[in-house]
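Before any comments, here is the structure.
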Amino acid sequence: MQTLQFLLWRLAKGILVVLAIVILDFFLIHMAPGDPASVMAGESGATDEAFVQQLRVKFGLDQPLTTQLGLYLWGVVRLDLGFSHRQQMPVLDLVLDRLPATLLLTGAAFVFSLTLGVVLGAWAAAHKGRPLDRIITTVSLVFYAAPLFWMALMAVLIFSVWLDWLPAFGIRDVGGDAGLLDRTLDVARHLVLPAVTLGLFFTAVYVRMTRASMIEVARQDFVKTCRAKGLPERVILRRHVLRNAVLPVVTLAGLQAGQMVGGAVMTETVFAWPGIGRLMYEALIQRDYNLLLGVFVVSAAMVVVFNILTDLVYRMVDPRIEVSR
Amino acid sequence: QQGTPKEGGRANVVIQPEPPGLMVGILQNAPTQMVAGNIYEGLLRYDEKLQPKPQLAKSWTISEDGKTYTFKLQPGVKWHDGKPFTAADVVFSADVFLRKTNPRTRASLAYVESITAPDDETVVFQLKQPFGPFIRMFEVGTMPMVPKHIYEGTDFLTNPANNTPIGTGPFKFGEWVKGSYIKLVKNKDYYEKGKPHLDEIYWHIIPDAAARAVAFETGKVDILPGGSVENFDIPRLAKTKNACITDKGWEFFAPQSWLWFNHRGGLTADPRFRKAVSYAIDRNFALDVLWNGMGAVSDGPFAQSTSFRDDKAVVKYPYDPAKAKALLKEMGYKGEPVRFTPMPYGETWLRWAEAIKQNLEDVGIKVEMVNTDVAGWNKKLGDWDFDISITFLYQYGDPALGVSRAYISSNIAKGSPFNNVGGYSNPEVDKLFAEGAVGFPDSERQKAYSAVQKKLTEDAVYDWLIDLKFPTLTHCNVKNLITTGIGVNDGFKDAWIE
Amino acid sequence: MKGFWSRFCRHKAAVAGLVVVVLLVAVALAAPYLYPASPWKMVQRPFLAPFVNAAVPLGTDTLGRNVASGLVHGARVSLLIGTVSTLVALVIGVPIGAIAGYFGGIVDDLLMRVTEFFQTVPSFALAIVLVAIFQPSLVSIVTAIGIVGWPPVARLVRGEVLAQRKREYVEAAILCGQSHFTIITRQILPNVVSPIVVLASLMVATAILLESSLSFLGLGDPSVMSWGYMVGAARTVVRQAWWLSVLPGLAIVIAVLAINLVGEGLSEALDPRSARDHA
Amino acid sequence: MSEQPILSVSGLAIQLPAGADRLYAVEHVSFDIHRGETLAIVGESGSGKSMSANAVMGLLPPGTRVAQGQALLEGEDVLRLDPAAMRAIRGRRIGMIFQEPMTALDPLMRVGEQIAEVFEAHGLYSTAERRARALALLTEVGIPEPERAIHAYPFQLSGGQRQRVMIAMALALDPVLLIADEPTTALDVTTQAQILKLIRELQEKHGTAVMFITHDFGVVADIADRVVVMRQGRVVETGTATDVLGNPQHEYTQALIAAIPTGRAAGVAAAKAERQVVLEVKGLTKTYTSPTGFLKPPRVVHAVRDVSFTLARGETLGVVGESGSGKSSLGRCLVRLIEPDGGSIRVDGQETMGQSAGQMRLWRRRMQMVFQDPYGSLNPRTRVGRIIAEGPIAAGVPVKEALQKAGDLLKLVGLDPSALDRFPHEFSGGQRQRIGIARALALDPEIIIADEAVSALDVSIQAQVLRLLADLKVRLNLALVFITHDLRVAATICDTVAVMRKGEVVEMGPAADIFGAPKHEYTRRLIEAIPGRSEGDAFGARAAV
Ligand SMILES: Nc1ncnc2c1ncn2[C@@H]1O[C@H](COP(=O)(O)OP(=O)(O)OP(=O)(O)O)[C@@H](O)[C@H]1O
Ligand SMILES: Nc1ncnc2c1ncn2[C@@H]1O[C@H](COP(=O)(O)OP(=O)(O)OP(=O)(O)O)[C@@H](O)[C@H]1O
Ligand SMILES: [Mg+2]
Ligand SMILES: [Mg+2]
């Protein structure tokens, strides 16, 4: 019951935040030079002013900015994110079409990086100051600092071109009407490379966080209590230290999970993953205002959702939190 | 012509970027045309020499005075939805639909007085005056046939049928998974018996150039149309097993690249400065290093394959830094910076811009690069906010269709990066181009165009760089893919896979 | 100060990191003397592999430019972009986080909503939009990267300040009659500097890489050579010229590792208490 | 006492890492503990009490190691065991309780599970049985509603309850030896008395040997059979409790015992002819309302309810009461670290309520505070000189002058002026508290509020600081509000005492009256809980000397 109330309260606040974000984003996007009409006209390779003007009128760009904003907001309130004139489709359809792929990719990368990061971080913390610790922190940092596309391409070269183990791009092999299981396996195979490359980047952050947090927690009194009980070190680390250390990691993970929705542009591009990051990037390049705003709105909503989820997880993990504001 | 066709199979092709839609009558961008060339058709096709060949029109006649064009249509042609294709569709497409939606076609249709259909299989275009290039206007990208029964009386731009295109072409629209692929399937009722040979075509959307190369190497795709992998990758890919390369199929478009100069003021208004720039730039270096030696060095406003090119008329500016320096000295150039706006159309163009900048700095011109993204570039050029910029434009085989637009003063208008953005204005040139367009017969046109080439090169109006060729890479078992002057854009009806 | 140094020097890794950073800075400063010609100059045939030609020891790039010269000149810009944009992020994020954490209540709520705004817009997109709006130049790129990077800083600082706020020494300072400003800057912030330093050293990497993505999109500052530019430009030629992405990539990784080690050493050395923990 | 001792430590030496304050944490430490006996280990902070216990437990902090000696647990030397064997002993044959109940339990695990873990660690019983035993243990240690408590998380229990859980855990497997490292220091008097009683009862019931570490001689008197006194890592005196307390041999022991607050009211200021009132409080009220959720009634705590008193120069008002009674809240309201809801506070007759922040800054200088936590109340990254000088600098005194004054103040509180350039962590707790006092004095206040200013210090230091405060009060003619939960301390230093319960002052009057003839039943209970009282007059009489 309390959780439900909390959820409603957070949701109400979240909606307000999203609306505010829409307004700010709206102005931000319109400040960038160029507009969708000129981009479209430009692409066709031949234009005249009348044609561009005709497009502008069609897209409603001739109206004052505030009117455009008003119309847009009114649409958002009715869950109508407008029409992408460029793609000739309602924005919501386009976005929802792409969202699952992104959620799959970032979700997998997220789980992968979180698991690996926490495990490695814990491992490093357990060997604090020793070579293993140094190796883990350094290697994870290298993955963090190495250009993502380079790692991606190397992964493709090794695992797709040379070894031919995994597909290089796309979300599934086209054609054929395989059964559900085959299709799932197919997608899973396609998922491996992009998810791992994207995940490795984030792993470094989790490794650091977990390590620092573990070391901090290991200094606390209750760990000594556990030792005094005669618990084996292994159990202490896993059951007590790690569990307490994971709390700040959860906070960070929540933040990052939200960001991941829009943060996978590069990976989606390199692996031809039909996700929302690419959609956003293309919309941005083409100044497809409605689509871009739509993606922003959805990703903002995602961030809000993930924040709420984080809080829920937090409430599950940490009994001390009854209500977070 | 490459042996006996084999029936069936699938062609996997790369498309980049993902087209915004497939209704080629509304969208004139390159990827749309590439895919939609299989769905829609024009009345004619053009071979490598740009000579017309039958398509939806089985035959045609041009009157003696060059003002009446009569087309006989193929009998028994059906739209993909089963409705018959008739002369009424042609009249609707040309006279109603495209006048509204295609600015390039609209400009040329200005010469047309009337379009009529005396019977279901005959269409007559009556011109106000002779217009030499008119016969080059019937290709699918310029004048695609659209179904009257679907579009008449609707708002063309928002008609829901745009998402499920209906044409007469050898392939029908199958499925479009946004961000992944577009699938076309064989039109079993195609009017040319025995064609097409392929069962289906998959257009794969792979946004990253390196991934496209990998896709080709691993055999996931068989065809890389021109421009779909980075130039730097082409020599390597061409050497891979089972790879064939051709630079055919761009004759009709004849893309030419040049430097825009802003004639409205500043250094670039001074012909000596423009000439200095022209002398300073090492075109051969760019051709070899950036374009793998494919294409040709440009030396005038007419590309090599464009009709009426006159090599003797042009004044040439070969690579000669010493001359460039001399000219700069003569004009008293003191190192004032000049702004250079590169075209953000991919790595090759950015690298080229860097090379050009280096060329210019080598002769002592101070260059200030102004980077933007595509939309910003459109805007900057459309707003004339630049000193020098780089670009390329199609010439469509005829100067009246693709060349004059960058030089005539009536085409100076803000808002588009593809008209006369340099702002060059010369009544004499205007007049010559006008004469060339309507001259009759061709000898008349040649006269006007030779004069124009001389004048423009004398003035060093822009700095013409390279006639581009975008080579197409295929696996060698893809046969008969490119059969016309517009190459991959013209549909795969003749192609088969061995 | 002496204590600080001896504490710092106790970290062998940190000292190693510092040596590398100093070397990098020295190279960056010496660039005009090491390679007087412009790094953009096309000097040899393109795609010359490293260790083949002594004049271009690390090979040439797509246009035949000297990679070694590019790396040396790029060090300057990349280090500048990395550090300055991190500083920008700190300059925005630290005060916002500190004010939110210190005052709490409505101020906190408001500032955190602003932070949230910047966090909900995907950072890459935001950077592109900002650079596009302000024209690509070193200043606009650094600013954009900074603007994109500050929210995590603000959040971190807020959390830490919130924790410090409850400590009695802050109350003592209030009773002393110190102004809020003095309390935040002189009392609280020195105590939260360690995690900030660690975060900041990570951000340097992100900044350098973000610049490479921007310049890959044609939104780099075209008049300066940077590692980010080199990496971005090498993207499409990884297959035929591995060294073009590996060498600047390596430079970035080394710089980031070194800066990180220094950051960790700093954060420990800055804490006078660590003398005891470390004994 | 001829039977074999449960634990026999001899010649123990623990080496500290290089660079520590001394070479050995403890040296030549020897003592025996027998079945059913309680051995108290006393000594000032840092004397090596915890280190000795940890060594027996095999829980020495990293960097330290046993250099010499042996510790025979029923004849077996636990110092030479491998980690696995040691783990088998921990929790099973030796149980341990720690000082800080707030942090000694895993905050994320239900206490029932934490107790069951002891069985699990030693592979005993089935899951259901473990639970049943945990429940039995909770009942045994006297936790109310054990069925519910077993599902509680530590944060849902009070400090005393948590300490009971710790005891349950330590005694779960009926160990032969229980090590208690200052288990009651962090608790208030009444709870402390209860816990001590509990340990004693359980010990009698199970015949456990107890090693009890404390610095409180009252506790020693209450619970110990024998006493070991430690100083700087060495045992200076050993003997039965009666002997050591009644007839201390070593001068250090004597000094320690002398330092114990007597519990006798000082009653000095009574003679003063005319009171010069500086602080007048009327009807002060503070209520905390913390929101508990959306659309739910907030939790309301009346921390201060209608408190009134006056305070004159040279007077000390003691505020006593058990934990949570609102003492700190009252103190903070006075200096306005928290904003009271109602009432009036007059400083020198001037009303301070409802003033602007700027005005507040002016009179606040006249009212300063000494804090409880000698660690938390000094900024770890600021040099001591600066810490003291900050007030005057904020008030506009030139930095140099302020620093000079800080040096003088350090001398005043008995520290060397060379301390100016050092950081707080380089000082002991008592020294830090002196720094805190110096800081409070830097602004020449008229009123000082000391919130548990000596609670965190051990007896000898406590005595020094108390003496310092008393001395300064007289010298500078200060008015002092002294908040404490230690009634003996209050009795030593205060003229007037206010006893608080649930935010209300239940009794107020001269210290002698309050302690001599408490009127309120709650006050009486508090006084009875003072450790050492039950030991009778041996202690009380000696203390009166
Ligand atoms: N982890 C450690 N590293 C180094 N020295 C330590 C460590 N823990 C304690 N010491 C030192 O060992 C000595 C004895 O410490 P110990 O904790 O036994 O004192 P104590 O008598 O328990 O004091 P307290 O009453 O404050 O708990 C002290 O000098 C202390 O500085
Ligand atoms: N900020 C706060 N918000 C809500 N309740 C509070 C707050 N601070 C204290 N309380 C509550 O007010 C009551 C009085 O607390 P206070 O700290 O004044 O007690 P105390 O007598 O000083 O106790 P102790 O001896 O443990 O220090 C307690 O019940 C406490 O839980
Ligand atoms: Mg201790
Ligand atoms: Mg208190």
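Here is the naming used below: chain letters follow the sequence lines, and residue numbers restart at 1 for every chain.
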Residues D:Glu140, D:Arg164: salt bridge by 4.0 Å N-O rule:
no

Sidechain N-carboxylate O distance under 4.0 Å for D:Glu117, A:Arg239
yes

Ring centres under 6.0 Å, that's the criterion: do A:Phe201 and A:Phe143 meet it?
no

For chain A, which candidate among [options] shows the most heavy-atom pairs at distances under 4.5 Å?
options: D:Thr103, D:Val118, D:Asn54; value: D:Thr103
options: D:Arg92, D:Met57, D:Met109; value: D:Met109
options: D:Ala121, D:Gly91, D:Ala104, D:Pro175; value: D:Ala104

Tell me, out of A:Arg243, A:Gln220, A:Glu233, who's got the most heavy-atom pairs with chain D below 4.5 Å.
A:Arg243

Side chain / backbone / both / neither for D:Glu120 at chain A, heavy atoms under 4.5 Å
side chain

Under 4.5 Å from a heavy atom of chain A, the part of D:Met86 involved
neither

Parallel, tilted or perpendicular, judged at 30° and 60°: which one describes the rings of D:Phe155 and D:Tyr153?
parallel

Within the 3.5 Å criterion, strictly below it, is a donor on A:His127 or A:Asp133 matched to an acceptor on the partner's side chain?
no

